[in-house]
Amino acid sequence: MARFRVNGVEQELDIEPEMPLLWALRDELGLTGTKFGCGVAACGACTVQVNGNPVRSCVTPVSAVEGTEITTIEGLTASAGALLSPVQQAWIEHQVPQCGYCQSGMIMAVSALLTSNPNPTDADVDGAITNVCRCGTYPRVRRAIRSLTSTTTA
Amino acid sequence: MKMNRRRFLLGTTVIGGGLLIGYATTRPSKHAQANANLATDEQSFLTTWLRIDPDNTVTVIVPHSEMGQGVLTSLPMMAADEMDADWSKVRVEQAPATDLFANGVLIKGFAVSMGVSVPRFLDGLIDTAAQIMNIQITGGSSSVRFTGENGMRVAGAAAREMLIKTAAARWEVPESELTARLSHVHHEATGRSFTYGDLVTDAARFEPSPTPVLKDPSAFTLMGKSIPRIDIPAKVDGSAAYGIDARLPGMLYAAVKTSPVFGNKLVSVNSDAVMQRRGVVRVVELEDAVAVVADNYWRAKEALAALDIRFEETANDQVSTQSIYAQYDTALQGELEEDVEEGDTPAALASAAQVIEATYRVPYLAHAAMEPMNCTVHFHDGKCDVWTGTQDNLGIRGRVASVAEMDENDVTLHPFYLGGGFGRRLPNVTNTIDQATRIAQQFDVPVKTIWSREEDIQQDYYRPAVTSKFRAGFDANNRLIAWENHYIGRNEPAEAAHTPYSIENKSIAFAESETHVPFGAWRSVAHSQHTFFLESFVDELAHRSGQNPYQFRLDMLADKPRHAAVLRAAAERAGWERNLPEGHAQGIALQESFGSIVAQVAEVSITPDGQVRVHRVTCAVDCGRAINPDTVASQAESGVIFGLTAALFGEITIEQGRVVQSNFTDYEMLRLADSPEIDVVTIKSGAALGGLGEPATPPVAAAVANAVYILTGQRVRELPLKNYRFTTVPPESV
Ligand code: FES
Ligand code: FES
């Protein structure tokens, strides 16, 4: 039995302890906002937050998140209420997504970074945001992040 | 096939007092079907692209797929602008995959731009005019150019004219006294107005003009404005659904392993070894693959990995990148087919004061769209439902029908967003779709086939490796007089190997050299290889003849003012060779593709460990005019990153007949840290609209390599750049 909270809801799943969190979320819980990109921790499409920390769910067995609080993109949206979270709003403002497939993971990684480090330098951002975007939205990702950090500074 | 405009674009039919104006197919009866399928009793079609409801909302039906290029926004903008609709009341729907929305306009556009022939990458799919009418393809940077210009704008303008006529009749005033604005028709003299919704039923009485008056660009209210894309909110809140997200009651999941040597057949598999595993339902044997079907994708994938799968061995097991290059070299020494023959190149080379030769090549590349390949299929009651994201919903529907040997009308395709296309989701590259269909045929529940990233990298349809050999001759006055180019494999667009520069004697020829590695269109198709070759070699010629690479190009563009203007714009914006930081250098490159002209300047340095670092790419674009400028900028940024990823890292190698690379660990992608600043300059030439999904990809590799030459004195004639360890040399020694 795997037990953890997802977006504030207690979950108890009768699944193998070694099942990656990604597939538990997508196939067992139907939370398809979290994406599969590589399965080997090399792209970040599957990024969720575990107790606020960014985690690549494709290589994280559910046994490793026993008793934790997991936030997915759906949870980020819901917890922001009627408005989206600041990161999501900045993503719209800067028209970041193209195909959009990488963006759940990108947004989860960025919002985790900004929570732990509200004013990251470009080098901090480069080090923390290693998600792959095949559409090449990086210039806009950077612009959107910069807009958030300068807002925070002001 | 006759394609006169009236017949092609618009037709009418009266249905129960309402008017339906359709995008004419060859069978007008279809308009009735369109009405039945998509309009309720309260709604009427004005055209198959437009629907106006009594509540005054306008719905624009988009026949292309949204894969990040903004087409769900740009096309409706074009229709809404021409009909003077209130953008806040415009809804957008993806056309269902029925041939009522077949994209004939697009085919016409292709036919116009490429002569009468259908592009080669559609071959095998199309052989009759009737089938041409069934294409709903998204590719060739064509959506806005063809569907938008010939379809959306005409439909919008025709609708507007009809609404004005209707209002004029009701008020009994001349049409000339009426104006249309924000989804209303106004009679300024009396202050009266109708909403479009008020007029829609009566509009039935009027014939739509096949040639309505289109707006002058100065009257555009939406076109040319950066309108926020309508697909973006769903893409930041996790709600956008891609094919891989399809969820259906009772659905099973399939994981697949295909013969790593393309085309080799399955010999054996020990299926029993996994049948006791939790969730495993069945092991399916296909001709050249094995699938495990389970109740959860991970369970299927784990079981698949535990199987002992044997494939046959064939002569293809001996093929390697090296053997392919050797085969290419042999082919280039044999008989060649003519591509361009102008002047007398052999004589010019023989008389030249200086002859420069070089051989270039680039490796195979995979698409690696972010969303791994997938397709969900459900056979039930003699019908078939398909859930997937494709670049051509009708084409894929047809493909599933033919694999399943069913009537197309019994197959329903449910369109989804695409997690990237780049050519990988076109209807002629359907190995995933074919497998998913064959697997699902063995079940009466929906089966979602998902490829691992490893399968995606190793079972792609690859941008081909190409070798290209050049010889060029200068006369005694240091003037380039001869250009000879022999290359492997002519693909689309056929003119990809043609240099834009005016040179008196040109001889371009090619040899075909088939391999067992599957071929596919990869963003910008043949331009991606040839622009690297052409623009590197031209640069080489500039340096070897002691000329400035920018000026050298400009001098040869006297008869191509648009090209020259774009080149100049890029150089000026980038501050060509002015005030660069120490250790930085710039390279430049130019190409026209898909109706747009793009020039790029890359600013580059070499890292202490001998790697290339790209700091800034200035990208000047002439795409005629921009429908949605911000989308143009984002497509240009995207194209640059795509081309740069390939230039720096992109390499698929073949060994023992199979692909060596397997995932993003060894098929590397550019990431944020390596992403340059990208500065996009658009030039409004007013020329015919060009595409933008692809044209920014080709020039960047040469622009970067040309800068590397300045820093290192080393001419890069083979990609990717990660395979080099560069050392910088003092500028004066180059
Ligand atoms: S899917 Fe988890 S990092 Fe790529
Ligand atoms: S937006 Fe397409 S992969 Fe990032």
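The shown structure was predicted, so the numbers you read here are calculated from the model rather than taken from an experiment. All chains are named by letter (A, B, ...) in the order of the sequence lines, taking the proteins before the strands, and each is independently numbered beginning at 1.
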- Item | Contacts with chain B made by residues 54-70 of chain A (heavy-atom distance under 4.5 Å), listed by residue number | none

- Residue by residue, scan residues 84-92 of chain A and write down, ordered by number, those that have a heavy-atom distance under 4.5 Å to chain B; if none do, write 'none'. A/Leu84, A/Gln88, A/Trp91, A/Ile92

If we define contacts as heavy-atom pairs under 4.5 Å, which of [options] has the most with chain B?
options	value
A/Pro97, A/Ala42, A/Gly39	A/Pro97
A/Gly33, A/Cys135, A/Cys102, A/Ser104	A/Cys135
A/Thr34, A/Val132, A/Leu76, A/Ile15	A/Val132
A/Asp14, A/Ile107, A/Asn131, A/Val125	A/Asp14
A/Ala78, A/Gly136, A/Ala41, A/Cys133	A/Gly136

If I take atom [atom1] from residue [X] and atom [atom2] from residue [Y], how far apart are they, to the nearest 0.5 angstrom?
X	Y	atom1	atom2	answer
A/Thr130	B/Phe664	OG1	CZ	12.5 Å
A/Asp126	B/Ser675	CG	OG	9.0 Å
A/Leu21	B/Trp298	CG	CH2	12.5 Å

Under 4.5 Å heavy-atom distance to chain A, tell me which part of [X] shows up: side chain, backbone, both or neither.
X	value
B/Ile450	side chain
B/Tyr417	neither
B/Glu302	neither

- Message: So for A/Glu18, is it side chain, backbone, both, or neither that comes closer than 4.5 Å to the heavy atoms of chain B?
- Response: both

- Let me know if A/Leu31 has heavy atoms under 4.5 Å from chain B in its side chain, its backbone, both or neither. neither

Closer than 3.5 angstrom, by distance alone: can the side chain of [X] be matched with the main-chain N or O of [Y] as a donor-acceptor pair?
X	Y	result
A/Thr77	B/Asp237	yes
B/Arg671	A/Tyr138	no
B/Glu371	A/Gly37	no
B/Glu637	A/Thr137	no

- Message: side-chain contact (heavy atoms from CB on, under 4.5 Å), that's the test. Do A/Gln95 and B/Thr631 meet it? Break it down for me.
- Response: CA-CA 9 Å; A/Gln95 296 279 292; B/Thr631 297; over 6 Å; no

- Item | Residues B/Ser634, A/Gln98; criterion side-chain contact (heavy atoms from CB on, under 4.5 Å); working and verdict | CA-CA 8 Å; B/Ser634 72; A/Gln98 289 192 23; 3.7 Å; yes

For a quick test of your reading: what N or O donor-acceptor pairs under 3.5 Å do the side chains of residues 240-256 of chain B make, sequence neighbours left out?
residue  : atom : partner  : partner atom : Å
B/Tyr242 : OH   : A/Cys99  : O            : 2.6
B/Tyr242 : OH   : A/Gly100 : O            : 3.4
B/Tyr242 : OH   : A/Tyr101 : N            : 3.3
B/Asp245 : OD1  : A/Arg26  : NH1          : 3.0
B/Asp245 : OD1  : A/Arg26  : NH2          : 3.0
B/Asp245 : OD1  : A/Lys35  : NZ           : 3.2
B/Asp245 : OD2  : A/Lys35  : NZ           : 2.5
B/Asp245 : OD2  : B/Tyr242 : N            : 3.1
B/Arg247 : NH1  : A/Arg26  : O            : 2.8
B/Tyr253 : OH   : A/Asp27  : OD1          : 3.4

- Heavy-atom distance under 4.5 Å between the side chains of A/Pro139 and B/Ile641, does that happen here? yes

- Query: Can you check whether A/Val96 reaches B/Lys235 side chain to side chain, under 4.5 Å on heavy atoms?
  - Reply: no

- Heavy atoms from other residues, nucleotides or ligands near CD of A/Glu10 exceed 12 (cutoff 6.0 Å): yes

- Query: What's the verdict on side-chain contact (heavy atoms from CB on, under 4.5 Å) for A/Cys43 and B/Met370, showing C-alpha distance, side-chain angles and the deciding distance?
  - Reply: CA-CA 9 Å; A/Cys43 76; B/Met370 205 66 218; 3.7 Å; yes

- Message: Applying a heavy-atom distance below 4.5 Å, give me the residues of residues 453-460 of chain B that approach chain A, sorted by number.
- Response: B/Arg453, B/Glu454

- Query: Do we get A/Arg134 above B/Phe642's six-membered ring, with its NZ or CZ under 6.0 Å from the centre and within 45° of the axis?
  - Reply: yes

- Do NZ/NE/NH1/NH2 and the carboxylate oxygens of A/Glu16 and B/Arg299 come within less than 4.0 Å? yes

